[in-house]
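Just so it is clear, the structure is predicted and the values come from calculations on it, not from any experiment.
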Amino acid sequence: MSRSNPKNDCVAAKDAQPGILPAGTPDWITAELIEQTIRTWQPYYATNITIEDAIEMIHNVGRLFNALSTGK
């Protein structure tokens, strides 16, 4: 998959404020992890990734890790 705009590699969405976590966000998901997730994946998306999108991505990876590590 090619990057359409490499300048976006290190730029998070303008409306994203990773220092502010939504209520109910697990303790293991930090503002830094959200910011890094947005920076990593934004180049591959045509629309801006929101904080909620990033949290959902992180949750899904956590669930995958849990499934693989428990063998279920």
Side-chain angles (χ1 to χ4, degrees):
M1 185 180 293
S2 66
R3 295 180 178 185
S4 61
N5 188 356
K7 286 186 175 183
N8 286 338
D9 284 356
C10 296
V11 178
K14 290 179 185 172
D15 61 344
Q17 297 175 339
I20 302 171
L21 300 178
T25 303
D27 292 338
W28 62 273
I29 297 179
T30 63
E32 292 80 16
L33 180 57
I34 292 170
E35 186 175 352
Q36 186 173 2
T37 300
I38 292 171
R39 271 195 315 245
T40 300
W41 290 103
Q42 188 59 69
Y44 301 102
Y45 285 79
T47 59
N48 285 338
I49 297 174
T50 65
I51 292 173
E52 290 78 13
D53 294 334
I55 291 171
E56 184 176 352
M57 293 169 148
I58 295 165
H59 268 272
N60 290 340
V61 170
R63 287 186 196 106
L64 177 62
F65 175 77
N66 188 40
L68 294 174
S69 66
T70 59
K72 291 183 180 179

Sidechain-backbone polar pair: D53 side chain, T50 backbone, donor-acceptor under 3.5 Å: yes

For the student: nearest non-hydrogen atoms of Y45 and W41, plus distance: CD1-O, 3.1 Å

Quick one: are T37 and T40 in side-chain contact, heavy atoms under 4.5 Å? no

Minimal heavy-atom distance between P22 and I55, with the atoms involved, is CD-CD1, 3.6 Å

Kindly work out whether a path of hydrophobic side-chain contacts (I/L/V/M/F/W/Y, heavy atoms less than 4.5 Å apart) joins V61 to Y44. no

Heavy-atom pair of closest approach, residues L33 and W28: CD2-O, 4.2 Å

Which atom names give the shortest non-hydrogen contact between Q42 and I49, and what distance separates them? OE1-N, 2.7 Å

Determine whether N60 and L64 make a side-chain contact, defined as any pair of heavy atoms from C-beta on separated by less than 4.5 Å. no

Could you tell me whether a side-chain N or O of Q36 sits under 3.5 Å from a main-chain N or O of A31, the two making a donor and an acceptor? no

Atom pair CD/OG1 of E52 and T25 - distance to nearest 0.5 Å: 8.0 Å

